[in-house]
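Taking it in order: structure first as structure tokens, then the write-up.
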Amino acid sequence: MAAVIDVQLLRDDPDLVRRSQDARGNDPATVDAALEADRVRRESIRAYETLRAEQNARSKEIGRTPKEERQALLDEVKELSERVKAAQAAVAEAEAAFTAAAESIENLVIEGVPAGGEENFTVVKHVGEKPVFDFEPRDHLKLGELLGAIDMARGAKVSGARFDYLRGVGARLELAVMQLGLQKALDNGFVMLTPPTLVKPEIMHGTGFLGEHADEVYHLERQNLYLTGTSEVALAGYHADEIIDVTEPLRYVGWSTCYRSEAGSAGKDTRGIIRVHQFNKVEMFVYIDPAEAEAEHERLLQWQEEMMAALELHYRVIDTAAGDLGSSAARKYDIEAWVPTQDAYRELTSTSNCTTYQARRLNIRARGDEGRTAPVATLNGTIATTRWLVALLETHQRADGSVVVPEALRPHLGGLDVLEPVQP
RNA sequence: GGAGAGAUGGCCGAGUGGUCGAAGGCACUCGCUUGCUAAGCGAGCGUACGGUGAAAAGCUGUACCGAGGGUUCAAAUCCCUCUCUCUCCGCCA
């Protein structure tokens, strides 16, 4: 059974864990429940093992005992084996109870992360200037339609609401953004993976997406497989149940389609491709020594910011509040780009430091100096995704409905420097 | 989809009910040795959880031979289910 939390830490410093739960808006009493369950669990293990040891010892005697003397011993051990069975059942029960209790404790938030819910984020910085227009800017869908780049109506016809076709320059623009992101990752030593987008329950569970976000996840009942909402899932599963070497961080970049059911978001972002059931994403994923995780997190953010700069977007960086982290993340930075027609910053990237939470649940360890194994840290971050088209189109639009292609994307569009309307 | 074979420690590979956590080999680690291109000799060498420790040291217990369940006093060994791999046939984007 994979450990769901650091039991040692739970026993040694329960207050720390209580504070973390509190910052997330979770009930700190979950910590005490887990401690008690741990105590019961250990007690039952001890009782079982003592009995089992005796049974083993007596059983071995049977083999050495002459036939005529065996029967008495047999009767005795038979009775013992009944008690062992009962004790074993008690252990299974106690283990399950402990796991259940421990599951309600989410990853320990990092010192400095703002407490509270979604609205309690802190703004780390603003970069660039809001674009100004001497005309009424069109929203991304209007632009997409003018350019023959986005077709929501046919998406809905074929697959339903929140599905779209990218078309013509739209499809090419998405690919260009993806290519640019991939190149950025490759330049920094990432190894590219195109991962499966259907995964087994234990992998989905291990990454923490079956917690609060369970209803966001597509599940294929017949095959009992989950469609991933990000390649993070399969990238985290890549080294599941392995002992790996993280003397140097293992950096992977995954390119995949992502599926999200967007349950409970009815009425929200219904226009355009801001929030759809299916999109594409290039995702960075890192396995690293836990001591290096926070520094790596800053690096991931840095690379994401370099992408924003390359695409000439105005953005801000926020440090997400504890209550809005999701179960796995210990800290999360989002880059939100300015979307002119919404008069708002919208999330374009997200990077999470999951510390040892996912690695613990997926049983991914590294060997330390003493030869001991310990869970590694995992981090992830967006380096390109379809949603970026929204900010790109709106930011770089011109009065006639054309859109200027940022310098950095042109090589990936065959030199195209302006996207021109295909219809008046 | 049909038929068959298989799954044992980092790798190879023994082992068909008790003394097997598992022979042997390779690889690796440590030590010794050797003037001949690297060999020889000795020792060590899995993981997890529990107990006892200040201890991630040591000692000790339990579990693990693809996974789960069963039979038995006792299972790597017997039975059932599942997963995966390989071979052949069929089908197919």
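It should be emphasised that the depicted structure is a prediction, and the values quoted were computed from it without experimental measurement. Residue numbers begin at 1 in each chain, while the letters A, B, ... track the order of the sequences.
Not one N or O on the side chain of A:Trp255 forms a donor-acceptor pair closer than 3.5 Å with the backbone of A:Leu193.
Not one side-chain nitrogen or oxygen of A:Gln55 sits closer than 4.0 Å to the OP1 or OP2 atom of B:C73. An OP1 or OP2 oxygen of B:G61 is reached within less than 4.0 angstrom by no side-chain nitrogen or oxygen of A:Asn56. For B:A48, one of the phosphate oxygens OP1 or OP2 lies less than 4.0 angstrom from a side-chain nitrogen or oxygen of A:Arg365. Within the structure, every side-chain polar atom (N or O) of A:Arg41 is placed at least 4.0 Å from both OP1 and OP2 of B:C49. For B:C49, neither phosphate oxygen OP1 nor OP2 lies less than 4.0 angstrom from any side-chain nitrogen or oxygen of A:Arg42. Side-chain nitrogen and oxygen atoms of A:Arg360 include none within less than 4.0 Å of the OP1 or OP2 phosphate oxygen of B:A48. Using a 4.0 Å cut-off, no side-chain N or O of A:Arg46 falls inside it from OP1 or OP2 of B:U62.
Contacts of A:Arg11 with the nucleic acid, taken as non-hydrogen atoms under 4.0 Å apart, involve only primed sugar atoms and P, OP1 or OP2.
Across all their heavy atoms, A:Arg39 and A:Glu36 have their closest contact at NH2-OE2, 2.8 Å.
Here, B:G10 and B:G44 have their C1' atoms 16 Å apart, quoted to the whole Å.
Relative to the side chain of A:Leu74, the nucleotides B:G50, B:U62, B:C73 differ in distance, and B:C73 lies closest. Comparing atom distances between the A:Arg372 side chain and each of B:A56, B:G50, B:C73 picks out B:A56 as nearest. The side chain of A:Ser59 approaches B:A74 more closely than any other nucleotide in the set B:A74, B:U47, B:C49. Here the side chain of A:Tyr48 is nearest to one of B:C73, B:G50, B:U62, namely B:U62.
Pairing for B:C78 goes to B:G70, judged as Watson-Crick or G-U wobble with the two contacts each under 3.5 Å. Base pairing analysis places B:G4 opposite B:C86; the two distances defining the Watson-Crick or G-U wobble pair are each below 3.5 Å. Both distances falling under 3.5 Å, in either a Watson-Crick or a G-U wobble arrangement, occur for no nucleotide opposite B:G17. Remark: B:C65 base-pairs with no nucleotide; criterion is Watson-Crick or G-U wobble with both hydrogen-bond distances under 3.5 Å. Nucleotide B:G58 is matched to B:U52 when pairs are restricted to Watson-Crick or G-U wobble geometry with both distances under 3.5 angstrom.
For the pair A:Arg41 and A:Phe98, the cation-pi test (distance below 6.0 Å, angle within 45°) is passed.
Residues A:Glu232 and A:Gln358 have side chains that bring a donor and an acceptor to within less than 3.5 angstrom of each other. Under 3.5 Å, the side chains of A:Asn26 and A:Glu106 contain a donor-acceptor pair of N or O atoms.
Annotated as anti: B:G66, whose glycosidic dihedral deviates from 0 by more than 90°.
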